[in-house]
Amino acid sequence: MSETLRKEQQIQIQIDEPIGQGVYSNFCAVTHKQGEFIVDFIFIQPLEPKGKVRSRVVLTPVAAKQIFQTLMENMRIYEERFGRIEILAGEPKPTMMQ
């Protein structure tokens, strides 16, 4: 499908109230196999040795790459507007599960 045709399409997106409220996450774990990526969004409370998965999103490899590219572009725009985001030493880092 050409880029011009894609831009002409309009997609209506609906969101239910509970989903619209969002879920807070401060950690994620990613795993994959040939046909899918699985991203677990996790909340880890300070001073607690365990976290709880709040949401799991299963993506096709193409969707995962598109989301990655979109996040990178949004991060660039955010940092241009608000300044560089610093990752503090000692903060848990997202992990890849195998």
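Computation of the quantities below employed the complete heavy-atom set of this structure, encompassing side-chain atoms and omitting hydrogens, waters and symmetry-equivalent molecules.
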What are the two closest non-hydrogen atoms of [X] and [Y], and how far apart are they?
X	Y	value
Ile42	Ser25	O-OG, 3.0 Å
Pro61	Gly35	CD-O, 3.3 Å
Ile38	Glu36	CD1-OE2, 3.9 Å

Which is it for Ile85 and Tyr78 under the side chain to side chain contact (heavy atoms under 4.5 Å, CB included) test, yes or no, and what are the steps along the way?
CA-CA 9 Å; Ile85 298 169; Tyr78 179 96; 3.6 Å; yes
Say whether [X] and [Y] are linked into one hydrophobic cluster, either directly or through other cluster members, by side-chain heavy-atom distances under 4.5 angstrom.
X	Y	value
Val30	Val58	no
Phe37	Ile67	yes
Val57	Val53	no
Phe82	Met75	yes

In Å, rounded to the nearest 0.5 Å, how long is the span from CD1 of Ile15 to CD1 of Ile13?
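Taking CD1 in Ile15 and CD1 in Ile13, the distance rounds to 9.0 Å.
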Rounded distance [0.5 Å steps], CD1 in Ile44 versus CZ in Arg54:
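That separation rounds to 11.0 Å.
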What verdict does the salt bridge (Lys or Arg N to Asp or Glu O under 4.0 Å) test give for Glu48 and Lys50, after you've listed the backbone C-alpha separation in whole Å, the side-chain angles of each residue and the deciding distance to 0.1 Å?
CA-CA 6 Å; Glu48 298 246 349; Lys50 62 181 180 176; over 6 Å; no
Give a yes or no on this: more than 12 heavy atoms of other residues, nucleotides or ligands lie within 6.0 Å of atom CD1 of Ile87.
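Check fails, neighbour count at 12 or below.
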Is the ring pair Tyr24/Phe43 parallel, tilted or perpendicular, if the boundaries are 30 and 60 degrees?
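Rings of Tyr24 and Phe43: perpendicular, over 60°.
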Residue pairs fulfilling salt bridge (Lys or Arg N to Asp or Glu O under 4.0 Å) with at least one residue in residues 64-75, sequence neighbours excluded
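Salt bridge (Lys or Arg N to Asp or Glu O under 4.0 Å) check on residues 64-75 returns Glu73-Arg76.
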